[in-house]
Peer 1: 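What follows is a structure written as structure tokens; I'll ask about it next.
The figures here come from the full heavy-atom set of this structure, side chains too, leaving out hydrogens, waters and symmetry mates. Each chain gets a letter, A, B and so on, in the order its sequence line appears, and its residues count up from 1.
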Number of protein chains: 2
Amino acid sequence: MSLREKKKTETKNKIFEVSGRLFKEKGFEKTTVDEITKEAGIAKGTFFNYFSTKEALLLYFGEQKEELIYGLIENETMKGIPTKEKITNFLVFLAESVEKDKELTKLMVFEYTRYMVHSYLGPCEDKCRLHRLTETLFGLLDEGVKVGDVKTSLDVYKASEIITGVYLHSLIMWLNSEDKISFSNEISGKIDMLFEGIGV
Amino acid sequence: MSLREKKKTETKNKIFEVSGRLFKEKGFEKTTVDEITKEAGIAKGTFFNYFSTKEALLLYFGEQKEELIYGLIENETMKGIPTKEKITNFLVFLAESVEKDKELTKLMVFEYTRYMVHSYLGPCEDKCRLHRLTETLFGLLDEGVKVGDVKTSLDVYKASEIITGVYLHSLIMWLNSEDKISFSNEISGKIDMLFEGIGV
DNA sequence: GGTCAAATGTGACCACAGTCATAAATATAA
DNA sequence: TTATATTTATGACTGTGGTCACATTTGACC
């Protein structure tokens, strides 16, 4: 690693570290880029060499966290249990990890939306968090069809989209709630209903 | 109506009208408050007497549209058809009305999220668009239980939340898509699946 | 270690949302 | 009509995110 690269990652890490501390202390909105750069010992312009906007920094936080989560999931003991339980465990795990920092999650959902709206950032690639979730669910359901846990006639992709939607909505409701409800409980209840169906 | 009130609504309408035109011409982001006020023939400060932020104006657009939609729905010919069809018709109608102006919808979804995040605006009252949708669905499903279209054992509220989630997710996917998919088609397909269930 | 090109750093500067003390317009009371 | 209170309008001003022309540092090649 060249000196340049070393300094680069050093600076990026410094920004990450300082802003993380400041966000926890005073929140995202009330932390200014000026503060971050001052504390990090760099010029304001430098900040924007690393993150195109203040919000991009937030997305970076999200990415870091996401990598951790999906990494953990693949190492989970998810063998030999029914598909419904696999999916429930997976989503509950996601929910629990999100429940740990409600404020950060709020901000990230918000930024994700902004990202979506301002599509000059290019169409959905890995930026689309929801796609990743849908793909993972697709994998689980597809296996379920083979095993016989799930209707063979099922449009598996549509089903994974539905589950993603239910997850997203529960997340949003939880973010809006005054904390009386448990996100992870909500989720598992709804998965049950999805598997049974609504009609008679 | 006093002179004051008359002038007030006049000014508000002027802002509404001018900004509507400008948003269509140049988009929301590129339209500045200065422009709006200049064209409306008022001072900048006056704008903020009517809308606390530039974004509040966007929400106002949304509210206006929503009133129209829900108004129409109650007058619809929705008598005597099965619950599943009622729900499908309702959501397809919503979807179609949203499909008419994708950009505005994007912005509104975005602002709705912002509204949610910055909860110093007070907790969810009528601001919660999703709640209204869930309540409407609840009404339809509840009737369905009585009529026998829907499982009697069903947790009706949970089911309406699920449907809301599916609607929301389809909306978001459609907003992100490059226009090849039809939002309203997506929705009706997914309602079918919800009624049948995923499990064997 | 001298020279050039490319990458990175810098901070004065700008655009724009939002504020606030003050002025103008309107209502109320006499 | 005059005097006073209340509501609404005004625009200079401020704070902050983001830009850009220029300075500095680094790496490659001789």
Side-chain angles (χ1 to χ4, degrees), chain A residues 1-20 22-23 25-61 107-108 110-111 113-115 117-118 120-121, chain B residues 1-20 22-23 25-61 107-108 110-111 113-115 117-118 120-121:
Chain A
M1 195 189 245
S2 71
L3 176 56
R4 229 174 222 170
E5 281 171 319
K6 223 185 295 177
K7 285 201 171 182
K8 218 174 159 181
T9 51
E10 220 171 77
T11 307
K12 190 162 188 175
N13 287 338
K14 189 76 187 172
I15 294 175
F16 187 61
E17 172 204 318
V18 166
S19 58
L22 288 176
F23 289 169
E25 275 172 37
K26 357 179 7 188
F28 177 74
E29 302 275 331
K30 298 208 166 174
T31 304
T32 68
V33 175
D34 279 287
E35 277 177 305
I36 295 172
T37 54
K38 204 163 279 178
E39 287 228 15
I42 58 174
K44 193 173 183 180
T46 305
F47 177 92
F48 292 99
N49 288 341
Y50 289 88
F51 301 96
S52 62
T53 66
K54 188 186 168 191
E55 283 75 25
L57 177 55
L58 210 51
L59 290 177
Y60 184 67
F61 273 85
L107 290 170
M108 274 163 33
F110 177 57
E111 278 318 309
T113 316
R114 182 204 292 277
Y115 212 57
V117 170
H118 304 321
Y120 45 75
L121 295 158
Chain B
M1 192 190 246
S2 70
L3 176 55
R4 240 179 211 165
E5 281 172 319
K6 223 185 297 178
K7 285 201 171 184
K8 221 174 158 179
T9 51
E10 220 171 79
T11 306
K12 190 162 189 176
N13 286 339
K14 189 76 187 172
I15 295 176
F16 187 61
E17 171 204 320
V18 166
S19 60
L22 289 176
F23 289 169
E25 274 173 37
K26 359 181 1 187
F28 177 74
E29 304 273 330
K30 299 206 167 176
T31 304
T32 67
V33 174
D34 278 287
E35 277 176 306
I36 296 172
T37 54
K38 203 164 281 177
E39 288 228 15
I42 58 174
K44 192 172 185 180
T46 305
F47 177 93
F48 293 98
N49 286 343
Y50 290 88
F51 300 97
S52 62
T53 65
K54 189 186 167 189
E55 282 75 25
L57 177 55
L58 210 51
L59 290 176
Y60 183 68
F61 273 85
L107 291 169
M108 274 163 35
F110 178 56
E111 277 319 309
T113 315
R114 181 204 293 277
Y115 213 55
V117 170
H118 303 322
Y120 46 75
L121 295 157

Peer 1: How many Å lie between CZ on A:Phe28 and C1' on D:dT16, as a whole number?
Peer 2: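 Whole-Å distance recorded here is 12 Å.
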
Peer 1: How would you label the contact of B:Thr46 with the nucleic acid (heavy atoms, under 4.0 Å): base, sugar-phosphate, or nothing?
Peer 2: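 B:Thr46: base contact, heavy atoms under 4.0 Å.
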
Peer 1: So, is B:Lys8 near the phosphate of D:dT8, with a side-chain N or O under 4.0 Å from OP1 or OP2?
Peer 2: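 Answer is yes, contact under 4.0 Å.
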
Peer 1: Using the heavy-atom set of chain A and a strict 4.0 Å cut-off, write down the first and last nucleotide of DNA chain C that makes it in, 5' to 3'.
Peer 2: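 Listing 5' to 3', DNA chain C meets chain A from C:dA6 to C:dG11.
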
Peer 1: Measure from CZ on B:Phe48 to P on D:dC13 and round the result to the nearest Å.
Peer 2: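 Nearest whole value for this atom pair: 18 Å.
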
Peer 1: Look at the side-chain N and O atoms of A:Lys54 and state whether any lies under 4.0 Å from the OP1 or OP2 oxygen of D:dT16.
Peer 2: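 No, no such contact exists.
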
Peer 1: Using a 4.0 Å heavy-atom cut-off across all strands, classify B:Thr37 as base, sugar-phosphate, or nothing.
Peer 2: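 The residue B:Thr37 makes no contact with any strand.
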
Peer 1: Please state how far atom CD in A:Glu55 lies from atom P in D:dT16, giving the value in whole angstrom units.
Peer 2: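 Rounded to whole Å, this separation is 14 Å.
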
Peer 1: Let me check the geometry of the helix from C:dG1-D:dC30 to C:dA30-D:dT1. What is the bend angle between the axes at its two ends, five pairs each, to 10°?
Peer 2: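 Helix axis angle between the two ends: 10°.
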
Peer 1: OP1 or OP2 of D:dT8 less than 4.0 angstrom from a side-chain nitrogen or oxygen of B:Tyr50, does that happen here?
Peer 2: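 It does not, given that no N or O in the side chain of B:Tyr50 lies less than 4.0 Å from OP1 or OP2 of D:dT8.
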
Peer 1: Using a 6.0 Å distance limit plus a 45 degree cone around the ring axis, check whether A:Lys14 lies over the aromatic ring of A:Tyr50.
Peer 2: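 That pair does not qualify as a cation-pi contact.
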
Peer 1: Measure from CG on A:Leu3 to P on D:dT24 and round the result to the nearest Å.
Peer 2: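 These atoms are roughly 18 Å apart.
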
Peer 1: What is the distance from CG of B:Asn49 to P of D:dT7, rounded to the nearest Å?
Peer 2: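 These atoms are roughly 13 Å apart.
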
